[in-house]
Amino acid sequence: MLSQAEEVLTLPLPGDPRARIVADALLADPADGRCVEDWARVAHTSARTLRRLFVEETGMSFLQWRTLLRHRQATALLADGLTVATVAVRVGYRTPSAFSASFRRTMGQPPGRFAQVRQG
């Protein structure tokens with residue numbers, strides 16, 4: 001049985017090769033901030049097609065998927081004891097406050113509290 005955090009952080013992967021190229025690249029570097037139009041060029045498709053593929057294959061938009069990926073990576077880094085500011089940069093946020101707000105929306109608690117619970 002999955003914990004609440006694990007359920008929130010379940011990350012479906014697209015099967016279509018065009019979307020999978022993008023997913024694999026972002027899994028390797030969640031801080032990569034390229035927009036969907038740039039990723040579409042990488043995947044040799046249109047931005048519209050790439051957006052459609054993410055919705056069809058993962059059940060979420062490209063931006064929702066990338067945010068979930070970043071939060072998933074962040075939880076591991078926070079559990080390793082990295083500071084919120086360091087984690088924010090490593091997963092692609094410009095500021096710790098932007099990361100904290102986004103993380104709180106997804107996880108229901110700020111990253112600092114999440115880290116304390118995981119470390120305690």
Side-chain angles (χ1 to χ4, degrees):
M1 180 171 223
L2 295 175
S3 72
Q4 181 182 2
E6 289 169 327
E7 282 184 29
V8 168
L9 296 175
T10 299
L11 187 68
L13 295 174
D16 184 280
R18 295 165 292 181
R20 191 58 187 255
I21 287 170
V22 175
D24 287 344
L26 286 168
L27 284 164
D29 182 11
D32 191 319
R34 284 183 267 189
C35 66
V36 72
E37 289 81 7
D38 291 340
W39 282 116
R41 283 190 284 282
V42 170
H44 305 290
T45 192
S46 70
R48 182 177 178 183
T49 296
L50 188 59
R51 285 186 190 100
R52 180 183 50 77
L53 288 170
F54 267 88
V55 170
E56 288 176 357
E57 303 225 346
T58 69
M60 59 189 84
S61 73
F62 170 76
L63 293 177
Q64 290 170 323
W65 187 90
R66 182 170 63 184
T67 298
L68 186 59
L69 165 68
R70 287 175 172 181
H71 292 168
R72 185 172 163 247
Q73 296 288 348
T75 61
L77 296 172
L78 290 165
D80 286 344
L82 275 67
T83 66
V84 171
T86 299
V87 171
V89 170
R90 287 204 184 169
V91 299
Y93 287 85
R94 290 186 181 160
T95 66
S97 61
F99 166 64
S100 293
S102 179
F103 190 91
R104 181 181 294 198
R105 279 190 302 274
T106 301
M107 300 300 293
Q109 60 184 315
R113 184 175 306 143
F114 180 87
Q116 288 172 346
V117 169
R118 296 293 277 194
Q119 292 170 354

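Because only heavy atoms are used, hydrogens play no part in the values below, and waters and symmetry mates are left out as well, while side chains stay in.
For the atom pair Asp16 CG and Ile21 CD1, the distance stands at 9.0 Å (nearest 0.5 Å). Residue Leu77 holds its CG atom at 12.0 Å from CZ of Arg72, rounded to the nearest 0.5 Å. Taking CG from Leu50 and CZ from Phe62, the interatomic distance works out to 6.5 Å, rounded to the nearest 0.5 Å. Note that the CH2 atom of Trp39 and the OG1 atom of Thr45 stand 14.5 Å from one another [nearest 0.5 Å]. One finds the OG1 atom of Thr58 at 9.0 Å from the CG atom of Leu13 (value rounded to the nearest 0.5 Å).
Smallest separation of non-hydrogen atoms from Leu78 and Val84: CD2-CG2, 4.2 Å. Between Pro110 and Phe103, the shortest heavy-atom contact is C-CD2, 3.9 Å. The two residues Ser102 and His71 come nearest to each other via the heavy atoms OG-NE2, 2.9 Å. When all heavy atoms of Ala40 and Ala47 are compared, the closest pair comes out as CB-N, 3.4 Å. Taking every heavy atom of both residues into account, Gln73 and Leu27 meet most closely at NE2-O, 3.9 Å.
Residues forming a side-chain contact (heavy atoms from CB on, under 4.5 Å) with Arg94 (at least two apart in sequence, or on another chain): none. Residues forming a side-chain contact (heavy atoms from CB on, under 4.5 Å) with Val89 (at least two apart in sequence, or on another chain): none. Qualifying salt bridge (charged side-chain N to carboxylate O under 4.0 Å, His left out) partners for Asp32, counting only residues two or more places apart in sequence or in other chains: Arg34.
Salt bridge annotation for Arg52-Glu56: present, with a cationic side-chain nitrogen under 4.0 angstrom from a carboxylate oxygen. Using a cutoff of 4.0 Å between basic side-chain nitrogens and carboxylate oxygens, Glu57 and Arg18 are not scored as salt-bridged.
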Side chain to side chain contact (heavy atoms under 4.5 Å, CB included) assessment of Thr86 paired with Arg90:
CA-CA 6 Å; Thr86 299; Arg90 287 204 184 169; 4.0 Å; yes
Carefully, step by step, assess Val22 and Phe54 under the rule side chain to side chain contact (heavy atoms under 4.5 Å, CB included).
CA-CA 10 Å; Val22 175; Phe54 267 88; 4.2 Å; yes
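Grouping the Ile, Leu, Val, Met, Phe, Trp and Tyr side chains by contacts below 4.5 angstrom, directly or via other members, places Leu68 with Phe114. A continuous path of ILVMFWY side-chain contacts below 4.5 Å connects Leu69 to Tyr93, so both sit in one hydrophobic cluster. At a threshold of 4.5 Å between side-chain heavy atoms, the hydrophobic network of Ile, Leu, Val, Met, Phe, Trp and Tyr places Val36 and Leu26 in one connected group.
A donor-acceptor pair is defined here as one N or O able to donate and one able to accept, closer than 3.5 Å; such a pair exists between the side chain of Asp29 and the backbone of Ala31. With hydrogens and angles disregarded, a donor-acceptor distance shorter than 3.5 Å links the side chain of Ser100 to the backbone of Pro96. The closest donor-acceptor contact from the side chain of Trp65 to the backbone of Pro12 lies under 3.5 Å. When atom types are taken as modelled, the side chain of Arg70 and the backbone of Val91 share a donor-acceptor pair closer than 3.5 angstrom.
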